S.K.: 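Just dropping this structure here.
We name chains A, B, ... by the order of the sequence lines, and we start the count at 1 in each one. What you see is a predicted model; the values in this text were computed from it and never measured. Computed over heavy atoms, backbone and side chain alike; hydrogens, waters and symmetry mates excluded.
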Amino acid sequence: MRAEAGLALAATYSAAVLLIPAHSMWIAAAPAALVALAWIRSGVGLRAAVPRFIPLEVLLVGFGLAALARPELRVPFLAAAIKSHLCLASVFVLTRAYSATDLLAAMRRLGCPALAADTLALMWRYLPLMQEESRRLQRARASRTFVASRGRRWRLLGDAVALLFLRGLARAERVYLAMCARGWN
Amino acid sequence: MRKGVELSTPAIEVRRLSYAYPEGTPALDAVSFEVAAGECVGLLGPNGAGKSTLLLHLNGLLPVRPPGEPSVLVEGLPLAEANLATIRRRVGFLFQDPDDQLVAPTVFDDVAFGPVQLGLNGAPLKERVEACLRQVGLEGYGRREPSRLSHGEKKRVCLAGLLACDPAVLVLDEPTAGLDPRGRRELKALLNRLPGAKVIATHDLELAVELCQRVLLIDGGRIVASGQPADLLSDEPLMLAHGLEKPHLLTHRHPHT
């Protein structure tokens with residue numbers, strides 16, 4: 001299947017899931033079965049998906065706590081939790097089925113706004129570099145960290161994140177200049 | 001060469017270019033030089049001498065500060081807002097870190113980045129990208145992701161991206177930095193094959209001797225000496241006074257050189 005078809009299918013799936021009324025979530029059993037089938041066919045283990053789901057779970061914890069305190073929020077919370085998990089699962093399966101470059105090209109062909117496609121392309125290009133930079137930073141810090149108390153470790157982590165942010169800014173400036181040098185406007 | 005440009009017109013002309021960073025630190029002080037069409041000029045100097053700042057001016061990437069008469073001309077065209085697009089097309093800039101320059105998710109898309117800005121698409125775009133990849137020895141690399149290439153390959157993809165815009169001048173900032181000896185040798189051979197004028201800022205003095213017809217020694221934002229590489233770089237006191245040293249190539253002549 002071409003990446004365009006995969007994208008269109010995932011978008012339709014997500015739209016259909018989002019349209020399910022909050023009081024009739026039993027309907028979600030069908031899309032859940034569909035995405036489970038696709039997941040099994042993709043052959044991806046659950047462990048690989050955990051890092052992708054963590055940010056969602058963090059968001060849901062806040063909502064969940066609010067729902068505990070206010071009973072009228074329980075149904076919307078349950079619906080939001082089910083829908084967001086199904087949508088994320090469909091996106092996860094999609095990204096395992098097609099390479100990022102194929103998906104980006106398909107997005108452009110389907111008429112996705114250039115700014116959105118360019119931003120995603122730049123993210124895809126520079127995230128591994130940021131990861132590598134972060135690894136180098138951590139390694140360099142670790143090599144000179146002799147007393148590793150918990151507080152000190154957190155402080156070092158904070159410093160590393162700040163440094164990474166500053167280096168990211170400096171790189172963004174250089175990338176912008178390099179793009180301008182090749183006629184980008 | 002751009003249409004209507006006379007043969008005697010220098011590819012690059014820099015007239016008394018001065019520049020200070022926004023916080024007031026002076027970076028360039030009345031720098032003047034010319035680069036003839038097809039000439040290869042090396043820009044040497046210690047760290048912080050102003051080499052990269054000077055190169056950024058050749059592509060119009062820094063504002064003229066203090067504002068005044070245009071001090072950079074590319075093929076006779078003064079560097080001004082109205083000419084910026086033409087000048088950036090005529091001057092290809094190779095950045096020191098290829099990861100700053102490779103912005104697209106695939107090699108093909110990156111080489112196509114410049115030509116797409118120029119309105120090229122479809123079969124002509126594909127042909128041009130493939131021709132440029134062939135020129136740098138990376139035929140068949142189109143679908144590769146830049147993050148999976150070696151440092152040397154990344155540099156060559158960057159060069160292909162510049163060549164795709166058909167520049168008259170190549171401005172190269174430390175082209176051999178971070179390359180292993182084989183990568184350096186291959187890149188030198190490639191640069192030697194490329195047509196057009198070149199301005200190369202480098203600490204690789206052997207590259208300057210092998211590739212450049214003329215070198216400029218810059219220190220403290222000023223050009224302190226210029227001449228043929230073998231003559232200038234053999235002047236040991238001058239080299240040491242400006243944080244450089246006589247290259248090995250000029251000290252010992254090996255039988256294989």
Side-chain angles (χ1 to χ4, degrees), chain A residues 2-4 6-7 94-137 164 166-185, chain B residues 52-53 55-62 81 84-121 142-148 154 158 160-167 170-173:
Chain A
R2 282 170 61 92
E4 282 96 324
L7 261 176
L94 181 76
T95 55
R96 304 304 288 207
Y98 302 97
S99 72
T101 49
D102 284 343
L103 286 173
L104 283 166
M107 282 172 72
R108 286 182 212 274
R109 283 195 294 268
L110 286 172
C112 168
L115 187 63
D118 287 348
T119 308
L120 281 174
L122 282 171
M123 276 173 64
W124 172 250
R125 168 73 187 96
Y126 286 104
L127 272 178
L129 276 181
M130 292 284 279
Q131 279 174 337
E132 184 53 41
E133 189 123 18
S134 156
R135 259 196 298 272
R136 280 201 300 266
L137 264 176
L164 202 60
L166 290 175
R167 287 190 186 183
L169 273 183
R171 185 182 286 281
E173 184 65 28
R174 295 197 301 271
V175 169
Y176 172 71
L177 284 180
M179 288 169 76
C180 286
R182 289 201 285 164
W184 186 78
N185 190 347
Chain B
S52 297
T53 307
L55 293 190
L56 289 170
H57 274 287
L58 303 185
N59 199 266
L61 290 170
L62 289 177
E81 192 66 37
L84 216 49
T86 312
I87 283 179
R88 286 184 178 162
R89 184 158 61 86
R90 303 303 291 154
V91 180
F93 196 117
L94 184 80
F95 284 75
Q96 187 172 342
D97 182 352
D99 282 321
D100 291 342
Q101 194 159 349
L102 298 174
V103 292
T106 65
V107 167
F108 183 95
D109 289 342
D110 201 87
V111 178
F113 184 88
V116 166
Q117 314 286 322
L118 300 172
L120 210 65
N121 52 38
R143 282 188 63 80
R144 297 257 199 124
E145 289 177 23
S147 54
R148 304 200 187 278
K154 284 180 186 174
C158 290
L162 305 186
L163 296 174
C165 297
D166 189 25
L170 285 176
V171 172
L172 314 163
D173 193 2

S.K.: How about CG on A:Leu115, more than 12 heavy atoms from neighbouring residues, nucleotides or ligands closer than 6.0 Å, or not?
M.R.: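 No - once you tally the heavy atoms of other residues, nucleotides and ligands closer than 6.0 Å, there are 12 at most.
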S.K.: Compile the donor-acceptor pairs, distance criterion under 3.5 Å only, formed between chain A and chain B.
M.R.:
from: A:Asp102; atom 1: OD1; to: B:Arg143; atom 2: NH2; distance (Å): 3.1
from: A:Arg125; atom 1: NE; to: B:Leu102; atom 2: O; distance (Å): 2.5
from: A:Arg125; atom 1: NH2; to: B:Asp99; atom 2: OD1; distance (Å): 2.7
from: A:Arg125; atom 1: NH2; to: B:Leu102; atom 2: O; distance (Å): 3.4
from: A:Tyr126; atom 1: OH; to: B:Asp99; atom 2: O; distance (Å): 2.7
from: A:Tyr126; atom 1: OH; to: B:Leu102; atom 2: O; distance (Å): 3.2
from: A:Arg171; atom 1: NH1; to: B:Asp100; atom 2: OD1; distance (Å): 2.9
from: A:Arg174; atom 1: NE; to: B:Asp100; atom 2: OD1; distance (Å): 3.4
from: A:Arg174; atom 1: NE; to: B:Asp100; atom 2: OD2; distance (Å): 2.5
from: A:Arg182; atom 1: NH1; to: B:Asp110; atom 2: O; distance (Å): 2.9
from: A:Arg182; atom 1: NH1; to: B:Asp110; atom 2: OD2; distance (Å): 3.4
from: A:Arg182; atom 1: NH2; to: B:Gln101; atom 2: O; distance (Å): 3.0
from: A:Arg182; atom 1: NH2; to: B:Asp110; atom 2: OD2; distance (Å): 3.0

S.K.: B:Ile87 versus chain A, heavy atoms under 4.5 Å apart: side chain, backbone, both or neither?
M.R.: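 For B:Ile87, there is no contact with chain A at all, as no heavy atom is under 4.5 Å.
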S.K.: Mind checking what makes side chain to side chain contact (heavy atoms under 4.5 Å, CB included) contact with A:Leu177, not counting sequence neighbours?
M.R.: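 By the side chain to side chain contact (heavy atoms under 4.5 Å, CB included) rule, A:Leu177 matches B:Leu56, B:Leu61, B:Phe95.
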S.K.: Heavy-atom pairs under 4.5 Å with chain A - which of B:Val116, B:Leu102, B:Leu118 has more of them than the others?
M.R.: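 Highest number of pairs under 4.5 Å: B:Leu102.
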S.K.: Select, from A:Ala100, A:Gly183, A:Ala181, the one with the greatest count of heavy-atom pairs under 4.5 Å involving chain B.
M.R.: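 Among the listed options, the one with the most contacts to chain B is A:Ala181.
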S.K.: Please flag which part of B:Ala85 lies under 4.5 Å from any non-hydrogen atom of chain A: side chain, backbone, both or neither.
M.R.: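 For B:Ala85, neither part sits under 4.5 Å from chain A.
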